[in-house]
Amino acid sequence: HLPPVSLLCFSAGGVLAVNMTIPNTLIRGTLGGEALLSVRYNSFSLDLPVIKWQLKREKSVTVVQSIGTDIIGTLRPEYRDRILVFENGTLLLHNLRISDDGTYDVEISITDDTFTGEGSITLTVDESISRPYIHMEASSVLELSENVVLNCSHENGTRTTYRWFKGGKPLTNMTRFVLSPDQKFLTITRVLMGDDDTYSCAVENPVGNVTSLPIRLTVYRRSSLYIILSTGGIFLLITLVTVCACWTPSKKKRHPARKPLTRLYDHADLSPINHTGTVSSY
Ligand SMILES: *[C@@H]1O[C@H](CO)[C@@H](O)[C@H](O)[C@H]1NC(C)=O
Ligand SMILES: *[C@@H]1O[C@H](CO)[C@@H](O)[C@H](O)[C@H]1NC(C)=O
Ligand SMILES: *[C@@H]1O[C@H](CO)[C@@H](O)[C@H](O)[C@H]1NC(C)=O
Ligand SMILES: *[C@@H]1O[C@H](CO)[C@@H](O)[C@H](O)[C@H]1NC(C)=O
Ligand SMILES: *[C@@H]1O[C@H](CO)[C@@H](O)[C@H](O)[C@H]1NC(C)=O
Ligand SMILES: *[C@@H]1O[C@H](CO)[C@@H](O)[C@H](O)[C@H]1NC(C)=O
């Protein structure tokens, strides 16, 4: 928390001015939510103050002007039904819009002959972040293969920053773990067995901090490729062996098969029944 900002001054004639206190000069608002731009003032006068709030732009926009809590004149269309001024000068903004983001100047004056109290508050307006998820081309890779790119995706959220975790521990930009400049993408180059782990990303903005569900990256050893093939594809292998075994004898028969008569028998030879000898290869 920032220390209170007190803006006080005395006129040359010793007349006490409005003493304004602003407990917090930076307010973080959420799109659609509300923001309390809180101030209070001290004055020896019991008169109602004139309160003026302005939004700093190239040409400042008057947000509201009031005498005490009574708003003077009509509000600009964009502020209608969204504004409340409290006795202490505080401004409450409802249903925040991204365009409300900015610095607000406040002036409180009691009578024409005293100095006005002045101050300013910065308001940020951000959209809350929806839960991120990691987008990955493939969840299992072969070690030393090409790069794996992890993409930290999310639907909503403004002014987001990203962080990555491997097995729950924060990841930094390292030789093989390269983060894109905005850190939204994590690229693992030349995947190693040690990269077989869970990964998650955290998305943060001024109004939130959301972490994705962890995602698993499975890394296979190069040598294990053959094990996978031989266990997963055992039936494929047996079939291949059988086909090869069947094929070889029929190849041998190619030579005598020159005569059209024996070619007729060739078709029958393709049936494994004729090659009972090959069954032993099981
Ligand atoms: C101004 O207000 C602050 C806090 O309310 C107070 O501590 C301080 O004494 C006041 N100064 C004057 C000159 O009244
Ligand atoms: C001013 O009044 C409002 C409404 O009562 C309150 O919420 C706010 O905290 C007050 N501000 C200060 C600085 O005391
Ligand atoms: C994103 O924001 C839109 C509009 O506010 C909302 O309709 C949608 O549900 C949000 N998406 C998520 C995932 O929260
Ligand atoms: C990241 O993921 C999002 C959502 O799945 C997708 O739309 C986007 O194209 C991806 N970006 C890259 C560079 O892969
Ligand atoms: C990480 O390092 C790479 C290459 O050294 C660089 O291009 C990239 O901007 C760095 N990312 C961050 C977030 O510092
Ligand atoms: C965001 O949330 C994580 C986990 O809940 C926490 O460790 C981290 O400190 C938070 N970051 C900020 C800036 O609040």
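As a basis for the values below, the full set of heavy atoms in this structure was taken, side chains included, without hydrogen atoms, waters or symmetry mates. Whatever order the structure lists them in is the order used to number ligands and atoms, beginning at 1. For the single chain, residues carry numbers from 1 onward in sequence order.
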At the 4.0 Å heavy-atom cut-off, does T90 count as touching ligand 2?
yes
Does ligand 2 have an atom that lies less than 4.0 angstrom from a heavy atom of L36?
yes
In order of chain and number, which residues sit within 4.0 Å of ligand 4 by heavy atom?
Y133, H135, N151, S153, F185
I67: which other cluster members, linking ILVMFWY side chains closer than 4.5 Å, directly or transitively?
L48, V50, I72
May I have all residue pairs that pass salt bridge (Lys or Arg N to Asp or Glu O under 4.0 Å) and include part of residues 99-111, sequence neighbours excluded?
K56-D105, R82-D100, D101-R159
Provide the closest heavy-atom pair for [X] versus [Y] in the form atom of the first, atom of the second, distance.
X   : Y   : result
L96 : G29 : CD1-CA, 3.7 Å
Q54 : T62 : NE2-OG1, 3.6 Å
V85 : S66 : CG1-OG, 3.6 Å

If we number the atoms of ligand 3 from 1 as shown, the ones under 4.0 Å from a heavy atom of S130 are 12 (C), 13 (C), 14 (O)
Checking H94 now: which residues fulfil side-chain hydrogen bond (donor to acceptor under 3.5 Å, both in side chains) with it, not counting sequence neighbours?
E34
May I ask whether [X] and [Y] are part of the same hydrophobic cluster, defined by side-chain heavy atoms of I, L, V, M, F, W, Y residues being less than 4.5 angstrom apart, directly or through others?
X    : Y    : answer
L37  : L55  : yes
M136 : V219 : yes
I134 : L171 : yes

Pull out every atom of ligand 2 sitting under 4.0 Å from any heavy atom of [X], numbered as shown with elements.
X   : value
P23 : 13 (C)
S38 : 8 (C), 9 (O), 10 (C), 11 (N), 12 (C), 13 (C)
V39 : 1 (C), 11 (N), 12 (C), 13 (C)

